[in-house]
Amino acid sequence: MSRYNVKETESKWQAVWEERHCFDVEEDSSKEKYYVLEMFPYPSGRIHMGHVRNYTLGDLVARFRRAQGYNVLHPMGWDAFGLPAENAAKENNVHPAKWTHANIATMRDQLKSMGLSYDWRREIATCDPDYYKHEQKMFLDFLDAGLVYRKESWVNWDPVENTVLANEQVIDGKGWRSGAEVEKRKLAQWFLKITAYADELLSAIEELDRWPERVRIMQHNWIGRSEGAHIAFDIIGRDKPLDVYTTRPDTIFGASFMAISANHPLAQELAADNPELSDFIGQCNRMATSEAAIETAEKLGCDTGLKCAHPVIEGETLPIYVANFVLMDYGTGAIFGCPAHDQRDLDFARKYGLPVTPVVCPPDTDPSTFEIGNEAFVGDGNIINSEFLNGLSVPDAKSKIIAHFEGRGMGEKQVNFRLRDWGVSRQRYWGCPIPVVHCDDCGIVPVPAEDLPVVLPEDIDINVAGNPLDKHPTWKNVDCPKCGKAARRETDTFDTFFESSWYFARFCAPVENEAFTRSAADYWLPVDQYIGGIEHAVLHLLYSRFFTRALKECGYLDLEEPFAGLQTQGMICHETYKSAAGKWLLPTDVSTGETGELVDSTGAKVTRGRSEKMSKSKKNVVDPEEIIQTYGADTARLFMLSDSPPDRDLDWTDSGIEGAWRYVNRLWRLISEPPFAPADKGASRPADVAGSALDVERMVHKTVATVTADLERFHFNKAVARVRELSNAVETLKETDPGAAWVLRFASETLAILAGPLMPHLAEEMWSALGHDALIADTAWPEADESMLVEDTITVAVQVNGKLRGTLEIAKDADKETVEQSALMLDNVQSFIAGKEVRKVIVVPNKIVNVVI
RNA sequence: GCGGGUGUGGCGGAAUUGGUAGACGCGCCGGAUUCAAAAUCCGGUUUCCUCGGAAGUGUCGGUUCGAGUCCGACCACCCGCACCA
């Protein structure tokens with residue numbers, strides 16, 4: 001029995017594809033284009049299973065669309081700037097650039113061993129000055145277009161390392177390396193005006209009909225358009241009012257306090273001569289900056305002693321607190337608290353003994369007995385305890401109270417967005433330098449276009465406290481481009497989302513002097529199918545959508561939406577293992593002992609944990625390279641595509657990969673050792689095809705039709721199942737049935753073509769073994785013969801009172817009476833209806849008969 | 001906390017518009033082949049059962065001739081929350 005020589009075969013076909021430049025593409029206006037893009041990887045060192053899944057999905061689409069006759073662009077590159085390179089630099093004393101390039105080299109080899117159909121000529125690395133110089137130019141153009149501004153913003157500050165920490169570097173409020181209590185600090189930073197496009201980014205979601213609904217909902221919620229009111233509250237004893245944004249002006253009669261952010265200018269001002277308040281603000285500034293941390297922290301406040309006049313209740317006042325749950329970045333950084341109808345306000349009021357007055361009464365509830373317990377009522381209802389608003393619904397009350405305030409000049413209707421402007425400044429070395437100069441006389445001066453790129457210095461000490469660029473002895477010293485006096489470079493670098501916001505355009509034409517050529521971008525964009533992780537559902541995708549619009553405004557492109565189709569993929573999971581000592585163990589260190597239980601290399605018992613997302617920290621990882629070495633890329637691909645649909649999590653199991661491996665061999669055997677001799681290549685269909693041969697021939701057509709539909713709809717697991725069914729059926733072919741030899745060849749060739757996008761190396765090998773000189777990669781996708789799909793008899797289910805009691809083989813489209821009569825004649829049906837009155841018979845043509853008694 | 005998602009045999013998952021629940025695979029059981037094993041092939045495999053059936057798609061309730069699918073309430077787990085990418 002010949003076993004499939006996977007290593008030899010796979011490298012052979014990879015070499016052939018490369019020699020023949022199969023996947024190099026150019027613009028060709030005579031062909032319909034199709035741009036397939038997988039989210040490019042961060043070069044972290046080695047590829048992981050998530051990459052294998054992502055790139056398998058993309059490669060399948062690319063090869064499938066190519067076979068369908070599209071001009072397919074399928075590129076690959078590296079999202080090469082980022083924090084891990086700096087961490088590696090500190091830990092291993094290796095330069096971030098060197099580390100990154102070494103990783104790219106390793107990962108490129110690994111990807112090539114997967115046989116992916118990329119046009120490698122278009123490869124890019126974002127840390128390359130040839131890449132980032134273009135985005136420096138874009139930034140300057142955005143600056144000209146008024147899409148960039150500078151403002152103070154809060155960051156996590158590690159007082160020991162003198163550096164800004166990412167949220168992931170803050171653990172329980174402490175710096176991950178220093179262990180020092182993290183503070184918030186204000187820094188002047190660069191922002192992109194994504195909010196200028198808030199309305200458009202929101203409304204255009206409607207048209208993204210090939211995006212997953214959940215991603216659209218997430219983006220919708222992220223932008224968070226709300227309609228509410230801006231209200232000015234008079235502060236007693238002060239001239240300047242306190243401005244508040246609220247989405248619930250209807251609850252104004254239930255207000256019992258005011259709350260402002262610790263970062264609100266008023267709080268800052270009052271803290272100057274109020275030590276207690278100053279302490280409290282300090283405490284707020286030690287809280288983590290993430291929204292999750294703020295929302296889940298205990299609601300705390302500090303009374304400022306100031307009071308506002310209640311805007312609608314004469315003579316009543318509202319105490320002003322500084323509170324830790326009020327965000328300076330949302331609305332005006334100040335709220336009025338209505339505890340009865342907002343959970344956070346209620347928690348706060350209960351803690352500080354503030355009044356809780358319900359002003360919205362739930363439907364069908366008696367207002368006189370309605371009380372608020374520990375849960376705020378946030379639903380619709382009738383307004384109560386609110387003078388001129390009483391009896392109105394929530395929406396009606398909103399309109400009326402806004403009109404009331406507008407009439408008195410105290411407030412107005414306002415639309416607000418949750419979306420904040422995009423802060424792009426990072427105090428890090430391994431990123432794209434922001435191309436501006438700070439001059440004492442001229443202020444901020446853009447670096448002239450002809451002086452770009454501003455290149456990162458190579459001689460850098462990554463171990464200094466603070467921003468390495470800022471601490472570099474010479475790099476930042478530069479003459480002001482405007483006045484020529486000594487000035488300083490901006491030492492912040494871009495957020496790495498900056499690079500990934502336009503790389504899809506760069507792939508269209510990675511030329512020297514431009515970000516991309518306009519004609520290439522016009523031809524290839526938008527990306528027809530984008531594929532990547534759900535974790536990018538909001539930020540990366542939203543930034544790219546914004547960036548595309550900004551590029552359009554600056555004349556780079558004529559496009560709003562970069563990604564016409566989006567497919568998100570689930571995570572790869574694996575069982576976890578723990579030793580008796582409670583340490584995580586690699587799957588490769590765990591085996592089954594003699595008694596059938598799991599043991600480690602020393603024979604000690606191992607505890608099996610549930611399947612979780614593969615992660616280095618839990619060691620539940622399987623190295624793709626080992627899998628590809630052992631079983632080959634096709635087997636790894638097949639496993640990735642079988643069973644789980646792309647958007648669901650996938651459990652990696654040894655038995656699963658073994659099963660895929662068995663199928664690869666089985667399919668190969670079907671060709672290399674056919675059950676009997678197939679007809680000659682190119683033989684025409686004999687007139688007489690019957691018995692098992694006819695059944696299989698029909699099935700080939702049916703499989704082509706369903707697999708094509710499944711691949712178009714990303715139902716890859718179903719496509720694999722259909723292909724398996726066909727190969728199972730081929731094994732039932734009887735040599736003696738008329739036309740069997742011809743059907744065997746027809747089915748074998750079709751299997752090879754259908755396997756093309758799934759297992760490309762094996763498909764080529766099958767095709768070659770079937771006597772073909774051309775490549776599967778250059779072979780057109782088959783079309784099913786409609787006439788072969790029509791069945792003449794149908795199985796109809798027969799139910800009595802909704803329970804299955806039998807089935808009926810009957811001519812397709814038989815008339816209702818015939819079907820009904822035949823169904824009632826069934827023995828089992830007869831026995832169930834015996835002695836009872838048939839009240840009704842429901843006949844659904846070609847589907848079901850339900851007898852109701 | 002807010003937002004999003006998922007839940008079907010021992011396991012991963014199938015099931016156009018409400019119409020035969022469990023396709024395909026994994027695992028397991030039995031058999032063939034083999035000196036033996038591996039590999040391979042064939043058959044079986046939701047559960048219970050008095051072998052006629054009965055129950056069954058996270059839980060509870062509803063709509064319907066008929067619900068995995070539609071509606072309401074709930075439970076569990078997972079993901080995101082703006083400096084990880």
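Here is how names work: the chains are called A, B, and so on, in the same order as the sequence lines, proteins then strands, and each is numbered from 1.
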Can you check nucleotides 68-71 of chain B for protein contacts, nitrogen or oxygen pairs under 3.5 Å, and list what you find?
none

Protein and nucleotides 60-65 of chain B: nitrogen or oxygen contacts under 3.5 angstrom:
unit_1	atom_1	unit_2	atom_2	d
B/C65	O2'	A/Asn850	ND2	3.3
B/C65	O2	A/Asn850	ND2	2.6

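Nucleotides B/A67 and B/U33 have their C1' atoms positioned 48 Å apart, rounded to a whole Å. Taking atom P in both B/G66 and B/U20, one finds a spacing of 15 Å when rounded to whole Å. B/A15 sits 29 Å from B/G61 when the P atoms are compared, rounded to a whole Å. B/C28 and B/C77 have their C1' atoms separated by 28 Å, given to the nearest Å. The same atom, P, is picked in B/C24 and in B/C42; the two are 13 Å apart, to the nearest Å. Look at the P atom in both B/U57 and B/U69: the space between them is 9 Å, to the nearest Å. B/C11 and B/U59 have their P atoms separated by 14 Å, given to the nearest Å. Going from the C1' atom of B/A54 to that of B/G58 covers 22 Å, rounded to whole Å.
Inter-residue side-chain proximity for A/Ile47 and A/Tyr55 is flagged as unmet; no heavy-atom pair is nearer than 4.5 Å. Contact annotation: the side chain of A/Phe714 never approaches that of A/Asp647 to less than 4.5 Å [non-hydrogen atoms, C-beta and beyond].
Residue-level contact check: A/Tyr663 touches neither bases nor backbone, having no heavy atom under 4.0 Å from any strand. Counting any heavy atom pair closer than 4.0 Å across all strands shown, A/Leu650 reaches no nucleic acid atom. Among the atoms of the strands shown, none is found under 4.0 Å from any heavy atom of A/His540. Among the heavy atoms of the strands lying under 4.0 Å from A/Pro645 are primed sugar atoms or P, OP1, OP2 only; no base atom is included. Here A/Ala537 lies out of heavy-atom contact (under 4.0 Å) with every strand. Nucleic acid contact class of A/Arg839 (heavy atoms, under 4.0 Å, all strands): none. Contacts of A/Lys847 with the nucleic acid, taken as non-hydrogen atoms under 4.0 Å apart, include base atoms. Residue A/Ser425 is classed as a base contact, given a heavy-atom separation below 4.0 Å to a base. Residue contacts shown for A/Arg420 include a base, since a base heavy atom lies under 4.0 Å away. Note on A/Val798: nothing from the nucleic acid sits closer than 4.0 angstrom, heavy atoms only. Heavy atoms of A/Val164 sit under 4.0 angstrom from at least one base atom. Using a 4.0 Å heavy-atom criterion, one finds that A/Thr496 contacts the sugar-phosphate atoms exclusively. Base contact: A/Thr807 has a heavy atom under 4.0 Å from a base atom. Nucleic acid contact for A/Trp422: none, since no nucleic acid atom lies under 4.0 Å from a heavy atom of the residue.
Position along RNA chain B of the nearest nucleotide to A/Asp643 versus A/Arg805 favours A/Asp643 as the more 5'-ward residue. Taking the nucleotide of RNA chain B with the nearest heavy atom to each of A/Glu725 and A/Arg418, the more 5' of the two is matched to A/Glu725.
Under 4.0 angstrom from either OP1 or OP2 of B/G25 there lies at least one side-chain N or O belonging to A/Asn728. Dashed line: the shortest gap from a side-chain N or O of A/Lys299 to OP1 or OP2 of B/G1 is not under 4.0 Å. Contact check, A/Arg662 against B/C26: a side-chain N or O comes under 4.0 Å of OP1 or OP2. The shortest distance between the side-chain N/O atoms of A/Arg648 and the OP1/OP2 oxygens of B/G13 is below 4.0 Å. For A/Arg426, a side-chain nitrogen or oxygen approaches OP1 or OP2 of B/C83 to under 4.0 Å. Dashed line: the shortest gap from a side-chain N or O of A/Lys803 to OP1 or OP2 of B/A55 is under 4.0 Å. Between A/Asn717 and B/C24 there is no side-chain N or O to OP1 or OP2 distance below 4.0 Å. Within the 4.0 Å cut-off from OP1 or OP2 of B/G53, at least one side-chain nitrogen or oxygen of A/Asn828 is found.
Side-chain atoms of A/Leu83 lie closest to B/C84 of the nucleotides B/C81, B/G4, B/C84. Here the side chain of A/Ser644 is nearest to one of B/G12, B/G3, B/C78, namely B/G12. Side chain of A/Ser655, nearest nucleotide from B/G27, B/C81, B/C83: B/G27. Which of B/G25, B/C42, B/G3 sits closest to the side chain of A/Glu731 comes down to B/C42. Looking at the side chain of A/Asp649, the nearest of the listed nucleotides B/A23, B/A82, B/C78 is B/C78. The side chain of A/Arg666 approaches B/C41 more closely than any other nucleotide in the set B/C41, B/G1, B/C24.
Annotated stems with RNA chain B as a participant read B:1-7 with B:75-81, B:10-12 with B:24-26, B:27-32 with B:40-45, B:46-48 with B:53-55, B:58-62 with B:70-74, given as range with range, by first number; only runs of 3 or more Watson-Crick or G-U pairs under 3.5 Å qualify.
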request  = Please test A/Lys816 against A/Val849 for side chain to side chain contact (heavy atoms under 4.5 Å, CB included), starting from the C-alpha separation and ending with a verdict.
outcome  = CA-CA 10 Å; A/Lys816 283 195 174 188; A/Val849 178; over 6 Å; no
inquiry  = Show, in sequence, the C-alpha distance, side-chain angles and deciding distance for A/His51 and A/Glu38, and conclude whether the side chain to side chain contact (heavy atoms under 4.5 Å, CB included) test is met.
reply    = CA-CA 9 Å; A/His51 295 130; A/Glu38 298 105 63; over 6 Å; no
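Ring-plane geometry between A/Trp502 and A/Tyr131 is classed as parallel, the angle between the planes falling under 30 degrees on a 0 to 90 degree scale with a further cut at 60. Note on ring orientation: taking the six-membered ring where Trp is involved, the planes of A/Trp668 and A/Tyr4 are tilted (angle from 30° to 60°). Aromatic ring pairs are classed by plane angle as parallel below 30°, tilted from 30° to 60° and perpendicular above 60°; the pair A/His536 and A/Phe497 is perpendicular. The aromatic rings of A/Tyr503 and A/Tyr530 sit tilted relative to each other, their planes meeting at an angle between 30° and 60°.
For A/Leu165 and B/C84, the CG to C1' distance is 13 Å, given to the nearest whole Å.
Taking the O4'-C1'-N9-C4 or O4'-C1'-N1-C2 dihedral as appropriate, B/G43 has a value more than 90° from 0 and is therefore anti.
Of the possible polar contacts, one joining the A/Lys299 side chain to the A/Glu295 backbone as a donor-acceptor pair under 3.5 Å is found.
Remark: the A/Gln189 side chain and the B/C83 base include a donor-acceptor N/O pair separated by less than 3.5 Å.
The closest side-chain donor-acceptor pair between A/Ser611 and A/Glu575, if any, does not fall under 3.5 angstrom. The closest side-chain donor-acceptor pair between A/Trp190 and A/Glu490 falls under 3.5 angstrom.
A salt bridge does not link A/Lys702 with A/Glu725: every distance from a Lys NZ or Arg NE/NH1/NH2 to an Asp or Glu carboxylate oxygen is 4.0 Å or more. A salt bridge links A/Asp329 with A/Arg420; the closest basic N to acidic carboxylate O contact falls under 4.0 Å. A salt bridge links A/Asp495 with A/Arg426: at least one charged nitrogen is closer than 4.0 Å to a carboxylate oxygen. A salt bridge links A/Glu612 with A/Lys618: at least one charged nitrogen is closer than 4.0 Å to a carboxylate oxygen.
A/Phe832 carries A/Arg805 over the face of its six-membered ring, with the cationic atom under 6.0 Å from the centre and within 45° of the normal.
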